[in-house]
Amino acid sequence: MAVLTDPERSALFQKFSQDLSNTRTSIGLVKADVRAAINAIDDWVDANATAFNQAIPQPARAALTAQQKAKLLWFVVQRRFEVS
Amino acid sequence: MASGDTLFTLHPSQNQPPTSNYATVDTRNGHLVLDFDATTQETAIFPFVMPRHYGGGGITVYVHYAASSATTGTIGFDVTFERVGDGQQDTDSDGFATAQTITAATVPGTSGNVDIINVAITAGAAGTDSIAAGEYGRLRIRRDVANDTATGDAELFGVEVKET
């Protein structure tokens, strides 16, 4: 899977920005800085996709779809950082 | 009353939103506010009748806003008038004058603090849409998302319209 498109990354920024606003969580970064972080994270995910997949043992690696693996990663990260 | 005097004030409760990309109603510690998104340009529109004491001169619009979450960066808006008047505007369509930019200003270091920014608009077709005393009109406010930099929503608390 390729990196997210610019509109997709923009939509992510919008989602993150709205989440900050809804919770009134203070942030000391301008739009460009947050956007740069999103771009870098997406680039990192893309660059490490193969390593992530290899980290999953068999038979799960073969049996799970890419979407299921991504969801598991999301669940693990969410729990580790207690992000709602 | 004349130059330097307040003509009228506007509150979020008076907003008549457009059908799309409208600023959304919110509350902040009981204050009714209008939230303007950081990336999609959103709009608020306020109806008014120009007071009889308006002398026909330039108009300064003051926007009272706070950042929902940002403690750095800038927030700006653009404002413009639409003269409806007596047979001046077919209300089945919009007729706003040229948008006047309120230069993006650095947000307060505390997100709950309100900042007041303004633009002085020259009287005439391009600025105030030549609205006159006693005439019904509308004021449109949009966030200048293309040029401001603050992350998160801008919250509009109120507007003051003053004869410059």
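Model, not experiment: these values are computed from the prediction.
Arg143(B) has a carboxylate O that lies under 4.0 Å from a charged side-chain N of Asp148(B), or vice versa, which qualifies the two as a salt bridge. Salt bridge present: Arg9(A) and Asp42(A) bring a charged side-chain N and a carboxylate O closer than 4.0 Å. Using a 4.0 Å cut-off between charged nitrogen and carboxylate oxygen, Arg24(A) and Asp153(B) do not count as a salt-bridge pair.
Taking the ring axis of Phe96(B) as reference, the NZ or CZ atom of Arg140(B) stays within 45° of it and closer than 6.0 Å to the ring centre.
Both the backbone and the side chain of Ala38(B) come within less than 4.5 Å of a heavy atom of chain A. Only the side chain of Ser111(B) comes within less than 4.5 Å of a heavy atom in chain A; its backbone stays farther off. In this structure, chain B has no heavy atom under 4.5 Å from any part of Phe16(A). With a threshold of 4.5 angstrom between heavy atoms, Ser26(A) approaches chain B through its backbone and through its side chain.
Looking at Thr6(B), its side chain never comes within 3.5 Å of a backbone N or O of Phe8(B) through a donor-acceptor pair.
Interface summary for chain B: among Thr23(A), Leu20(A), Val30(A), Leu29(A), the most heavy-atom pairs under 4.5 angstrom belong to Val30(A). Here Ser21(A) is the residue among Ser21(A), Ser17(A), Ala32(A) with the most heavy-atom pairs under 4.5 Å with chain B. In terms of heavy-atom pairs under 4.5 Å with chain A, the best-connected choice from Ser69(B), Ser68(B), Ala150(B) is Ser69(B).
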